Asker: 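Quick one: structure below, then a few questions.
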Amino acid sequence: MSATPDVKPRLSREHSLSLLRQMLRIRRFEEKCAELYTQEKIRGFLHLYIGEEAIAAGVMAALSPEDAIIATYREHGHALASGISMNAVMAEMYGKQEGSSRGRGGSMHIFNAAARFFGGNAIVGGGLPPAVGLGLGYKMQGLPHLAVCFFGEGAVAEGEFHESLNLAALWKAPVLFVCENNLYAMGTALQISESETEIHQKASSYRIKSESVDGMDVVAVEAAARRAVAFVRQGQGPYFLECKTYRFRAHSMFDAQLYRKKEEVEAWKQRDPIKRFGDWLKVIGLAHDRDFQAMESEVAAEVTASVAFAEAGTWEPVSDLLRDVYTPKGSA
Amino acid sequence: MSATPDVKPRLSREHSLSLLRQMLRIRRFEEKCAELYTQEKIRGFLHLYIGEEAIAAGVMAALSPEDAIIATYREHGHALASGISMNAVMAEMYGKQEGSSRGRGGSMHIFNAAARFFGGNAIVGGGLPPAVGLGLGYKMQGLPHLAVCFFGEGAVAEGEFHESLNLAALWKAPVLFVCENNLYAMGTALQISESETEIHQKASSYRIKSESVDGMDVVAVEAAARRAVAFVRQGQGPYFLECKTYRFRAHSMFDAQLYRKKEEVEAWKQRDPIKRFGDWLKVIGLAHDRDFQAMESEVAAEVTASVAFAEAGTWEPVSDLLRDVYTPKGSA
Amino acid sequence: MSERAPEQVATTYREAVRAGLREALQREPRAFLMGEDIGRYGGCYAVTKGMLDEFGPERIRDTPLSESGFVGAGIGAAMAGMRPIVEVMTCNFSLLCLDQILNNAATIRHMSGGQFSVPIVIRMATGAGRQLAAQHSHSLEGWYAHIPGIRVLAPATLEDGRGMLWTAMNDPDPVLIFENIMLYNMGGTIDAAAGAVDIDRAVVRRPGRDVSLLTYGGSLWKTLEAAATLKEQGIDAEVIDLRTLRPLDDATIMESVRKTRRAVIVDEGWRSGSISAEIATRIVEQAFWSLDAPITRVCTEEVPIPYPKHLEDAALPSREKIEAAVRKVVGR
Amino acid sequence: MSERAPEQVATTYREAVRAGLREALQREPRAFLMGEDIGRYGGCYAVTKGMLDEFGPERIRDTPLSESGFVGAGIGAAMAGMRPIVEVMTCNFSLLCLDQILNNAATIRHMSGGQFSVPIVIRMATGAGRQLAAQHSHSLEGWYAHIPGIRVLAPATLEDGRGMLWTAMNDPDPVLIFENIMLYNMGGTIDAAAGAVDIDRAVVRRPGRDVSLLTYGGSLWKTLEAAATLKEQGIDAEVIDLRTLRPLDDATIMESVRKTRRAVIVDEGWRSGSISAEIATRIVEQAFWSLDAPITRVCTEEVPIPYPKHLEDAALPSREKIEAAVRKVVGR
Ligand SMILES: Cc1ncc(C[n+]2csc(CCOP(=O)(O)OP(=O)(O)O)c2C)c(N)n1
Ligand SMILES: Cc1ncc(C[n+]2csc(CCOP(=O)(O)OP(=O)(O)O)c2C)c(N)n1
Ligand SMILES: [Mg+2]
Ligand SMILES: [Mg+2]
């Protein structure tokens with residue numbers, strides 16, 4: 001592990017295992033989703049987060065329950081780590097009305113009011129302006145919450161990225177920007193999408209404090225996120241965190257991955273955040289094989305239960321088709 | 001004058017007087033326009049460039065005739081300096097069919113194919129992407145031309161600014177970006193529109209070479225533009241030139257200027273680019289009062305002639321209303 | 001109970017809109033305004049003049065030129081519990097934030113399965129008539145009415161200019177208000193206590209028997225003038241102010257058409273694909289057998305608006321065109 | 001002259017579009033493609049697969065996620081003399097570049113008094129049916145047809161998928177081509193020598209006497225299926241493929257309606273303000289007295305498209321809905 005002791009403060013056994021469990025839940029959940037996709041239980045677009053779990057797990061560990069979250073179409077990990085039950089997420093993947101968005105959203109649009117999860121947003125860059133507004137809104141109400149916005153490095157080329165960072169900085173809005181730089185936007189490599197490939201340096205154009213962190217190292221991510229959250233919560237304005245990561249799987253289920261070499265993928269897999277953290281916990285004696293085995297079977301049970309829950313879920317009646325376009329009168 | 005000798009190379013009397021004349025033509029033309037506006041000869045929005053003439057005059061002096069130009073709604077100066085006849089510009093202000101855009105465009109949409117003047121664009125930021133494309137198009141055809149795009153510092157906050165700079169840098173497109181930083185976007189001061197107020201520094205986020213120049217000093221502008229043009233023409237990619245300037249007049253004819261102090265305006269008027277350059281030419285003995293007098297009367301005659309030309313111009317017949325929405329078949 | 005005539009005060013449409021905005025800010029602590037030049041400049045059309053002094057820069061928030069950014073921020077602030085009233089200076093610039101409007105504001109409630117409403121109000125100036133030429137003369141309100149999930153209002157009267165705002169702000173869903181630029185200077189008297197108005201119903205502004213004239217916004221007044229002239233010629237036209245373009249009040253429209261058996265629609269949008277087509281089609285769908293003549297439209301010609309007055313006038317609906325259309329429809 | 005049946009080859013819509021693109025690049029040296037993931041990834045819908053190898057990265061230009069930037073750049077490149085064919089991955093993302101399309105591409109020719117045409121082709125995927133949910137299932141082609149200055153094409157057949165491209169590229173004005181995502185896998189045979197097709201006329205795809213079914217794009221095939229079933233029930237429907245949504249071919253529409261005296265319009269846009277309303281209204285304006293029954297529309301329900309299949313299906317036009325609508329219109 002590259003992280004120095006000072007960024008891994010007070011790593012209790014309990015907290016370590018909870019980080020590991022969070023990553024494992026995401027991993028096993030998504031492996032199941034891939035399977036269910038081939039069975040046509042899950043349809044539409046499915047974007048897997050496998051390989052990037054350390055980011056959602058690490059950042060969420062640094063947040064308070066009332067902080068707002070906006071993510072992208074690749075948001076199963078964030079949804080699970082934010083506290084939405086696996087049952088609700090899986091049912092949403094199925095499109096059942098027991099799903100977190102009552103089935104209307106599917107994989108790309110997981111929402112949850114209780115977790116302040118303001119959605120998977122499937123327009124690249126589209127979540128950034130609302131995140132600034134969430135932060136601004138909390139600040140104007142004197143609330144201590146912040147807004148966290150996850151997005152890929154591909155979104156950095158969009159105009160909305162630029163507008164949002166400038167607004168957040170001007171307004172000292174409590175926003176944590178988390179760029180998940182996995183080196184590719186679909187098949188477009190970073191050097192084809194950005195003339196300046198050091199993404200975190202772009203923040204300086206807006207006088208936003210930023211740092212870059214190893215996104216394959218959950219402890220480093222959490223430590224950086226804690227620094228960032230503390231900064232933002234003190235009212236010092238937005239913070240930009242670049243997490244260098246890699247997606248192990250295809251962009252979506254329709255991707256022949258012509259744009260990258262198998263060796264590159266394999267090299268990154270050597271840095272698997274789950275394996276790496278687990279190994280390290282063993283090395284320092286914080287956890288043992290039996291802990292991992294127990295965790296695997298707990299997670300497997302949770303995944304199995306979520307599939308059962310989703311299978312048992314119900315289809316919204318067609319007569320409800322026009323629901324939720326407008327708020328019913330008198331209900332708000 | 002702040003400029004050092006090396007940026008004022010070979011300032012012949014002839015060239016000096018042509019720079020001065022160019023600025024004076026713009027000034028006197030626009031003073032006339034303001035008058036004509038109160039007489040309701042010119043209608044719509046009228047944005048005066050008075051105070052900023054050194055930029056158009058200086059940059060155009062560094063260009064080749066086949067370079068493409070895109071400007072904003074505040075483009076009379078650029079239009080005149082690019083070589084469009086004052087008659088054609090004035091007739092356009094009137095909306096007569098002898099105008100440079102056949103009267104269809106008016107003050108904000110001066111176009112001219114011969115001068116490769118691709119328009120006043122009245123959507124802030126809207127001219128930047130086409131400018132990148134003009135540069136790209138020339139480059140792909142192996143042509144030596146470049147595209148010059150003028151825009152205000154207000155446009156820097158728009159997403160299109162960001163996208164355009166990134167694209168130009170990625171594609172090494174021959175584009176000269178000229179930001180006319182006059183400190184206000186309508187009534188919005190720079191520090192309210194930008195979290196980083198050193199505009200030229202933003203170019204580094206895209207790895208674009210940039211510099212900032214005194215936009216009230218026509219010689220400094222020309223010298224900087226020559227450096228920039230040489231760089232771009234060598235195929236080294238885009239260049240970003242920030243010109244610090246000030247508009248002496250209101251944003252448009254509907255502006256009570258509540259957002260800035262008279263003293264600030266007065267202080268900037270002390271740096272009037274025309275007076276300053278003229279005074280300096282006198283001090284170094286390159287020009288004399290009689291030169292200025294002659295120039296004033298030549299310019300006055302040109303302005304008077306342009307008004308006469310516009311007055312004598314004709315209204316396009318209403319039966320032509322639907323012209324130029326589509327290219328007539330067989331004509332292109 | 002003693003009845004007193006309600007006190008009438010002289011006002012303009014501009015002042016009426018301002019009164020509505022002030023009332024919103026006074027009564028609703030969560031309300032704030034944001035937009036370009038609404039504060040220090042006093043508003044492009046002087047609507048918000050003086051409000052910065054009254055409410056301060058937090059609640060009258062000048063934004064940079066970042067339409068997508070600040071409209072998106074408004075969406076976020078609304079979800080955070082605020083009641084943002086966002087001004088997009090004119091609808092001409094609203095294309096830059098259309099993604100935020102369509103893919104977020106209009107859609108989040110549905111995608112989230114009803115968990116998050118977006119109580120944002122977006123005001124824009126609309127319309128032609130001031131010789132602002134092709135890029136600054138759009139009438140897009142009818143076009144926006146295509147989008148499910150938003151409401152589209154077109155206040156034409158002093159009462160609606162003032163009263164629709166409060167109703168809109170208390171609507172849990174996104175409401176777009178289009179204010180026609182030609183109305184701002186319109187004077188008249190208004191009940192001093194005028195307040196919120198219903199936004200669900202169209203209104204008969206002039207009852208008549210021979211033909212139904214369906215219109216809204218700036219065209220209402222041209223239509224009423226035409227109706228007055230037609231009356232002198234013995235044609236008794238009913239004039240309906242649609243007021244809300246989405247959802248349309250079919251009941252009021254059909255009631256009128258069933259009575260008069262003839263309809264002319266007056267609409268400042270470009271003819272093809274304008275809201276006038278939707279209205280005509282609904283009449284066909286719902287009242288076909290009541291029609292004694294083909295429905296006729298008076299719309300804007302299909303040309304970007306030209307700068308010269310005579311061509312602009314020729315492009316737009318006019319009193320004369322309305323009269324001619326009506327005479328044709330009633331066969332006189 | 002000996003006649004030989006033209007050679008027929010098996011193909012798919014995807015391959016047909018690709019063939020059109022390849023032909024364009026082979027025959028026209030000024031043509032180039034640009035868009036997100038068209039090169040290394042092979043195209044989101046695999047349309048451009050293999051073309052990077054054949055034509056190289058200059059002519060198959062992968063762009064960053066910057067819709068406004070690269071569409072605007074296409075406009076500039078077109079004015080510089082190139083023939084850009086720009087792919088906006090899907091129309092769902094096209095809102096981000098709508099300003100460039102409306103305020104520049106569609107408008108520059110007019111604003112410049114006819115001096116500059118913009119020969120750009122913009123291709124987008126459109127339509128629902130793949131469970132991609134609210135942000136990824138728009139059908140906006142009819143909406144775009146509101147804009148003067150552009151042409152809007154909706155190729156529904158293999159021949160049109162292949163042949164419209166060449167015609168579009170040789171059009172001096174901006175042409176938008178909407179390819180329905182449900183068609184890409186459609187197989188069939190095509191004349192090996194199939195080439196450019198006329199884009200000015202609608203086409204009768206199935207002659208009939210009892211009712212005119214007017215449709216385009218993905219809905220054509222549902223409509224033809226419905227017509228086949230209806231035929232078995234004794235209803236002889238004529239099916240018209242509009243092909244070009246702007247400008248509409250009124251002559252072909254009216255000829256059909258005058259013959260059948262009844263019309264049903266099938267359109268995947270949201271009902272209100274869809275192109276179906278424009279078509280219906282034109283029929284009323286031009287052929288009112290020929291109608292024996294109200295015109296009927298089969299459109300998409302006014303709801304963002306839900307993720308679950310049964311709700312998505314319920315939201316979209318279907319064979320069954322078309323049949324029901326026709327039966328009602330013919331009174332059987
Ligand atoms: C505005 C927009 N353009 C294009 C797309 C299609 N698209 C979906 S994901 C994606 C790549 C995004 O890459 P990145 O932001 O790096 O996120 P990642 O998928 O790598 O997590 C693209 C081009 C989209 N959804 N939105
Ligand atoms: C996209 C867009 N938003 C708003 C406007 C209205 N507007 C016209 S000029 C202007 C200020 C632009 O300032 P800047 O770019 O600094 O140029 P300057 O006028 O100072 O030359 C604004 C807000 C516009 N034309 N376009
Ligand atoms: Mg990425
Ligand atoms: Mg400025």
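In this text, all values refer to a predicted model and were calculated from it rather than measured experimentally.
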Asker: What part of D:I147 is in contact with chain B, defined as an atom under 4.5 angstrom from a non-hydrogen atom: side chain, backbone, both or neither?
Answerer: backbone
Asker: What option among D:Q115, D:Q100, D:M82 has the most heavy-atom pairs under 4.5 Å with chain B?
Answerer: D:Q115
Asker: Are B:L167 and D:P64 packed together at the side-chain level, in the sense that at least one heavy-atom pair is separated by less than 4.5 angstrom?
Answerer: yes
Asker: Pick one of side chain, backbone, both or neither for B:L143, based on which atoms fall under 4.5 Å of a heavy atom in chain D.
Answerer: neither
Asker: Is any side-chain heavy atom of D:R61 less than 4.5 Å from a side-chain heavy atom of B:L136?
Answerer: yes
Asker: Strictly by modelled atom types, are D:S68 and B:E163 linked by a side-chain donor-acceptor pair under 3.5 Å?
Answerer: no
Asker: Any side-chain heavy atom of B:T327 within less than 4.5 Å of one from D:R109?
Answerer: yes
Asker: Looking at B:K329 and D:D171, is there a salt bridge between them, counting it only when a charged N and a carboxylate O are closer than 4.0 Å?
Answerer: no
Asker: By a 4.5 Å heavy-atom criterion (distance strictly below it), what part of D:F70 contacts chain B: side chain, backbone, both, or neither?
Answerer: both
Asker: Output the option from B:N166, B:L170, B:N112, B:I70 having the highest count of non-hydrogen pairs under 4.5 Å with chain D.
Answerer: B:N112
Asker: Check whether B:F118 gets within reach of chain D through its side chain, its backbone, both or neither, counting any heavy atom under 4.5 Å.
Answerer: both
Asker: Return yes if some donor-acceptor pair links the side-chain N/O of B:Y138 with the main-chain N/O of D:A80 below 3.5 Å, else return no.
Answerer: no
Asker: Who wins among B:G125, B:G159, B:A113, B:G119 for the most heavy-atom pairs under 4.5 Å with chain D?
Answerer: B:A113
Asker: Pick from B:A68, B:S164, B:G126, B:A122: which one has the most heavy-atom pairs with chain D under 4.5 Å?
Answerer: B:G126
Asker: What are the two closest non-hydrogen atoms of D:I108 and B:F111, and how far apart are they?
Answerer: CG2-CE2, 4.0 Å
Asker: Taking side chain as C-beta onward, heavy atoms only, is D:H110 less than 4.5 Å from B:R104?
Answerer: yes
Asker: Which answer fits D:R30, side chain, backbone, both or neither, if we ask what part of it has an atom under 4.5 Å from a heavy atom of chain B?
Answerer: neither
Asker: Quick one: what part of D:L96 sits under 4.5 Å from any heavy atom of chain B, side chain, backbone, both or neither?
Answerer: neither
Asker: Less than 4.5 Å apart, side chain to side chain, heavy atoms only: is that true for B:E160 and D:D99?
Answerer: yes
